[in-house]
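See below for the structure under consideration.
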Amino acid sequence: MGISLGVLTIFSLISGRSKGRNSFHFTELPCESSVRLITPELRKIKSDNKANVGEFSPDDAVHKLLLGKVVVLENFRSLKDKLLLLDFSVNAHDGNVITAVLIYLKRTLSKELLFRELGCRQTALRHFIRYLTETKELTLLMELLRSLGRTEEVSLLQYKDHLNIADINKRRDFLKSCVSLPFSADDSAHVQHHLALLERQIQIEVSDREAERGGQTDVFQKFPREAPVLHMPLINTLYYSCLYHYTEPQENYSSPLNIRNTFRVSEKQFFITALAARSKLGAWLDVDTMFTNRKWFGFTKKKSPIGFHRVVDILHRSSAPSQVLQKYIGLVDDTERRISLAQRHKCHDVVINTYRELRDRQLLLGYRGRVEPGSEQEVTIDRLLGNTQIRWKN
Amino acid sequence: MAAHLSYGRVNLNILREAARKELREFLDKCAGSKAIVWDEYLTGPFGLIAQYSLLKEHEVEKMFTLKSGRLPPADVKNIIFFVRPRLELMDIIADNVLSEDKMHSPREFHILFVPRRSMLCEQRLKEQCVLGSFNNIDEYILDLIPYDGDLLSMEYESAFRECYLENDQTSLFHTAKGLMTLQALYGTIPQIFGKGDCARHVANMMLRMKREFAGTQNQILPVFDTLLLLDRNVDLLTPLATQLTYEGLIDEIYGINNGYVKLPPEKFSQKKQGEASKDLPIESKKLQLNSAEELYGEIRDKNFNAVGAALSKKAKVISAAFEERHNAKTVGEIKQFVSQLPHMQAARSSLANHTSIAELIKDITTSEAFFDKLTVEQEFMTGVDTDKVNTYIEDCIAQKDPLIKILRLVCMQSVCNNGLKQKVLDFYKREILQTYGFEHILTLNNLEKGGLLKPQTGSRNNHPTIRKTLKLWMEDANEQNPNDISYVYSGYAPLSIRLTQVLARPGWRSIEEVLKMLPGPHFEERQTLPSGLHKKRQQGENRTTLVFFLGGVTYAEIAALRFLSQMEDSGMEYVVATTKLINGTTWMKSLMDRPESQTA
């Protein structure tokens, strides 16, 4: 069973492989004789055809390869010839030919020599890198890159491999071995954080699993863990910590404050995460203390790093009761937004107060129909409408 | 004959026919009954070239998907593997071959590599000891696939990454080959313009390939007057922005693959009157999208805000047509009406489909999230606050919005600011790594390499100058009746298309300074035509330019070019070619390492 390495293309004329096939588009197709006119090199090939065993130059060999013929590259023993093979194949641009030559050189040249020669041949080098990447010869690839001084690239390549390790302990060990690699200063810090995070997760998981099984810790019973804390991104880990370790002192590795300080989480991120976690647990008092109170001409005003409408959104997602929602809706700065939120969540008091703030009698009157007849809110509305001291604008 | 390919100025059916002929020849080479084992990825592109009917004509009796283990039973003489040259697929093939029961009905094996053979793959087969089992090993050079009458794509997904991240120009070699094929069929292109390093490289290869055939003259009358080669990295901004044309939005939201889109089925289920609604279909609705569908051809390139009106208008036309049945009195008239029915029913069905699609899209475009995102995009595009941390982006990260959405936005900011202040960049990086995982330092590195997300280098931010000189931002863009290409992004004119527009008139000499601010050289080359082939242009006849985007092109850009073609006094018609049809999301994915784990 022979292999027919025929090259099928009606555009063989363009591709440089002259296996002239008839195509309905070419009125003039080069037949064997006119092929000779095309390129002098191809002319030489015809005469070489008979000599399969005889000596031929690297140039000829490359041309044969381009034509899809089988060539015994082992005939080229000297370094000079090997490099000529490489240079000619690069000039011809054909990826398969370049790869074939590179495979031969990889087999027959020492690493150091090969790397050195590739170092000054950019195209061949790129091809070789591509080849090593495709065949997944990572060790050799990293050696090559190192020899070229592309150390940051090597570090990242090695780091990337951690994604193939599922077990967290093994992954942690792997990262430990990566930390000292020559990353850029930036990436180095990130990798260190990555390692620190994994180590912390492992510790937390061990102690929490025990606590969970022990059955003594309330929070694990009331809000059972949905998944181990392993492999989670940092913010998710922080969320977990706010759920299960909120009140712990700063020195504990599992406390939110410790995580915040070690990994330098931004104030906003910390706030949002803690808010979401405490809301999930229905810990409304904790939520309340998150807002710093600012004294303002005798009033205490709550301050929030994020808009109060977003606070409301987060609380709502945790099914906060309306008294809680109401408090924060009332703090939304923008009156239109405040009203729309209050209406959506049926916090009548807020709507009423806001209309009063705006001194808009018409709107207040209109809203009367929306509250339950005989309710406290209706009474309040009537009282306000009747209040002659308020200077209504309409 | 594919109907949708013959509409344009250039008959791309010729290209398709050439491809079909090659396929037929290969199939006939493996004489006798056959079964094809498909690399799944190829079924899409092949569907654009040939349907099963063609295969059946050449004795293809069965088709299977490539997977490990033993091949399914089939009483055929030949088994042909249609595969991409990928090592992992070679292992599967080897497994198939080795599991073959040679005792009962021995079958002959063949491989067709698409689009090229690979030495590495053949070596792998040799290592697996199966190379000798194949009778024919060939390559099916499918470089440029015609997608529509004015659109060609190589569907070479990794081209941008290879060229700009890995400095690997293999894709450019294939591009040059594809262009040589095109010239063989449609004539030598007399003028070549280009901007970018890759463009220069492709042009060089083309000229060199032409030289290698000095002596044989291509006698075909040139169809294309000009070729314009553009590097994607000359305009990194456009693919990052959310497209606002109908087709662009379909691609952004649902993804158009090989001319097909898969849509959520709920809106497309047929409910007959009085019938209890059946269980909703679980399979997505698959629709083909090309210019053979009249309505689609009319609305695809419109700004989405103009689609509603167009659909209403069409509804009225179709209603009126159906009403005509009341006017048909004579037998002749009735006969004529009946003969029109299939066409009218197709039109009505088409209208129903696109009304449903438009409704689906409208749900998204009228949402607050969409509006907020668009607002930020437009702020960046007009240079507002591009040097600070953007609160909207910060909030999106805090809400754990999809990572790709975040990356598109921060890259936009970086591109519009010519790099971010170190503090700002550090902030974004930290927030992203802390929220989505530290492993994303790999992606962030890739983005920096590609020039999409990088620190400020100290050189001036040229973006405002480029924007002003090329009029990239057009306030009050008319979405309903556009008079400028900026309608495709409701105000932003894609830089790549503006360059194309200026090239045609008044020419690039008028924007020399701006061109120098964009990466890579710009150049012009001429290819001599054999005497007698110079076109004598008729009065008012348009010239044809082939615009080739190296690294990807978006549907919005294609729409903008079609708009230019249709303009009264442009004198130019455009045909688009590219390495890949992209949108911001697919483009970003190609730059990420291990995208499967990173789309959350």
Say you draw a straight line from [atom1] of [X] to [atom2] of [Y]; how long is it, rounded to the nearest 0.5 Å?
X: A:I235; Y: B:K400; atom1: CD1; atom2: NZ; result: 8.0 Å
X: A:K136; Y: B:L87; atom1: NZ; atom2: CG; result: 7.5 Å
X: B:F438; Y: A:L175; atom1: CZ; atom2: CG; result: 10.5 Å
X: B:R116; Y: A:D94; atom1: CZ; atom2: CG; result: 8.0 Å

Q) With sequence neighbours excluded, what pairs up with A:K106 under the side chain to side chain donor-acceptor pair (under 3.5 Å) test? A) A:E137
Q) Taking only residues two or more places apart in sequence, or in another chain, which ones meet A:N91 in a side chain to side chain donor-acceptor pair (under 3.5 Å)? A) none
Q: Would you please say whether a donor-acceptor pair under 3.5 Å links the side chains of B:Q434 and A:S266?
A: no
Distance-minimising heavy-atom pair for [X] and [Y]:
X: A:P233; Y: B:G437; value: CB-N, 3.8 Å
X: A:A100; Y: B:M119; value: CB-SD, 3.1 Å
X: B:L120; Y: A:Y131; value: CD2-CE1, 2.9 Å
X: A:R310; Y: B:A398; value: NH2-CB, 4.1 Å

Is it the side chain or the backbone of [X] that comes within 4.5 Å of chain B heavy atoms, both, or neither?
X: A:T123; value: neither
X: A:I103; value: side chain
X: A:V191; value: side chain
X: A:L197; value: side chain
X: A:Y159; value: side chain

What residue, out of [options], has the most heavy-atom pairs lying under 4.5 Å from chain A?
options: B:Q123, B:R124, B:E431; answer: B:E431
options: B:D426, B:T391, B:D395; answer: B:D395
options: B:L433, B:L444, B:D168; answer: B:D168
options: B:Q169, B:H110, B:M205; answer: B:M205

Q.
Applying side chain to side chain contact (heavy atoms under 4.5 Å, CB included) to B:E122 and A:N96, what does each step give before you reach the verdict?
A. CA-CA 10 Å; B:E122 287 172 47; A:N96 282 326; over 6 Å; no
Q | B:S118 portion near chain A, given a 4.5 angstrom heavy-atom threshold | A | both
Q | Proximal component of B:E88, with respect to chain A [non-hydrogen, under 4.5 Å] | A | neither
Q) Hey, what's the ring geometry for B:H201 with A:H93, parallel, tilted or perpendicular (30° and 60° as the breaks)? A) perpendicular
Q) Are B:E166 and A:R126 within salt-bridge range, i.e. N to O under 4.0 Å? A) no
Q: Output yes when B:E439 and A:K160 qualify as a salt bridge under the 4.0 Å nitrogen-oxygen rule, no when they do not.
A: no
Q: Could you give me the CA-CA distance, side-chain angles and deciding distance for B:K429 and A:D186, then say whether side chain to side chain contact (heavy atoms under 4.5 Å, CB included) is met?
A: CA-CA 10 Å; B:K429 274 185 165 173; A:D186 227 17; 3.5 Å; yes
Q. More than 12 foreign heavy atoms under 6.0 Å from CZ of A:R337: is that the case here?
A. no
Q. Should we count CZ of A:R264 as having more than 12 external heavy atoms under 6.0 Å?
A. no
**Q.** Candidates B:D593, B:I441, B:N446 - the one meeting side-chain contact (heavy atoms from CB on, under 4.5 Å) with A:L156
**A.** B:I441
Q: Look at A:Q122, A:H127, A:H231, A:E134 and state which one has the largest set of heavy-atom pairs under 4.5 Å with chain B.
A: A:E134
